[in-house]
Amino acid sequence: IKVSINVNSIDTDNDIRDKELMESDFFNTEKYPTIEFYSKEIINLDTDFTANGYLNMMGKKHPFSFDFIYSGVATNKMGIKVAIFEGKMVIDRTKFGMKPITSVGDEVQIKFYCELIKN
């Protein structure tokens with residue numbers, strides 16, 4: 001799989017914090033507008049999965065793994081059947097060039113939810 005995230009789409013439920021995250025002290029969206037994950041393998045353990053690959057963020061590429069689950073098939077708001085996957089991951093933001101800041105944790109937890117349409 002390949003996942004591309006528009007950094008400007010990050011939403012922490014705090015507009016002031018979101019604006020600050022986009023600036024050069026953090027994500028520097030002017031220079032690095034996307035975060036990308038490329039999988040090398042996906043391991044299936046019934047409804048649980050592990051994706052192993054590389055995370056490319058802020059011009060730095062590191063091996064990265066995360067777990068996610070398959071929640072089943074449902075009909076979305078547009079009446080289309082979708083497969084639902086969700087999970088969470090932890091990223092050490094300092095590995096990707098963000099400076100350590102005493103008042104901000106180095107590890108960031110990211111939760112995701114996605115609906116995939118079968119072609």
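All values below were derived from every heavy atom in this structure, side-chain atoms included, with hydrogens, water molecules and symmetry-related copies excluded.
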For the [atom1] atom of [X] and the [atom2] atom of [Y], what is their distance to the nearest 0.5 Å?
X	Y	atom1	atom2	value
Lys40	Ser65	NZ	OG	12.5 Å
Asp92	Met98	CG	CE	10.5 Å
Phe64	Ser39	CZ	OG	12.5 Å
Lys61	Glu36	NZ	CD	10.0 Å
Ile42	Phe49	CD1	CZ	8.0 Å
Ile101	Asp25	CD1	CG	6.0 Å

What's the shortest heavy-atom distance between [X] and [Y], and which atoms?
X	Y	result
Ala51	Phe68	CB-CE2, 3.9 Å
Arg93	Gly105	NE-O, 2.9 Å
Ile117	Ile80	CG2-CG2, 4.0 Å
Leu21	Phe26	O-CB, 3.3 Å

Indicate yes or no for a side-chain donor-acceptor contact from [X] to the backbone of [Y] under 3.5 Å, with no hydrogens or angles considered.
X	Y	result
Asp46	Asp48	no
Arg17	Thr12	yes
Thr94	Lys99	no

When clusters are formed by joining ILVMFWY residues with side-chain heavy atoms under 4.5 Å apart, either directly or through shared neighbours, do [X] and [Y] land in the same one?
X	Y	answer
Ile10	Ile110	yes
Ile1	Ile91	yes
Tyr54	Met58	no
Ile69	Met89	no
Ile43	Val3	no

Could you tell me whether the side chain of [Y] reaches within less than 4.5 Å of the side chain of [X], counting heavy atoms only?
X	Y	value
Pro33	Val7	no
Lys95	Lys60	no
Asp11	Asp18	yes

(message) Other residues, nucleotides and ligands only: do more than 12 of their heavy atoms fall within 6.0 Å of CD on Glu30?
(response) no
(request) Evaluate whether atom CG of Asp15 has more than 12 neighbouring non-hydrogen atoms of other residues, nucleotides or ligands under 6.0 angstrom away. (result)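 Incorrect, the count does not exceed 12.
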(request) Please lay out, stage by stage, how Cys114 and Glu86 fare under the test side-chain contact (heavy atoms from CB on, under 4.5 Å). (result) CA-CA 6 Å; Cys114 64; Glu86 55 191 314; over 6 Å; no
(request) Before giving the answer on side-chain contact (heavy atoms from CB on, under 4.5 Å), spell out for Ile35 and Leu55 the whole-Å C-alpha distance, their side-chain angles and the decisive distance to 0.1 Å. (result) CA-CA 7 Å; Ile35 297 170; Leu55 186 66; 3.8 Å; yes
(request) Report yes or no: is the cationic atom of Lys2 (NZ for Lys, CZ for Arg) under 6.0 Å from the centre of the six-membered ring of Tyr38, at an angle within 45° of the ring normal? (result) no
(request) Evaluate the criterion ring pair (Phe, Tyr, Trp, His ring centres under 6.0 Å) for residue pair Phe112 and Phe85; output intermediate values, then yes/no. (result) CA-CA 8 Å; Phe112 68 91; Phe85 295 88; 9.1 Å; no
(request) Give the C-alpha distance, both sets of side-chain angles, the deciding distance and a yes or no for side-chain contact (heavy atoms from CB on, under 4.5 Å) between Met22 and Asn8. (result) CA-CA 7 Å; Met22 302 307 136; Asn8 285 306; 3.7 Å; yes
(request) Tell me, with the steps shown, if Phe96 and His62 meet ring pair (Phe, Tyr, Trp, His ring centres under 6.0 Å). (result) CA-CA 8 Å; Phe96 295 93; His62 291 285; 5.0 Å; yes
(message) Please tell me whether Glu115 and Tyr113 have a donor and an acceptor in their side chains that are separated by less than 3.5 angstrom.
(response) yes
(request) Just do the side-chain contact (heavy atoms from CB on, under 4.5 Å) check on Ile84 and Tyr70 with the steps written out, would you? (result) CA-CA 6 Å; Ile84 300 170; Tyr70 168 64; over 6 Å; no
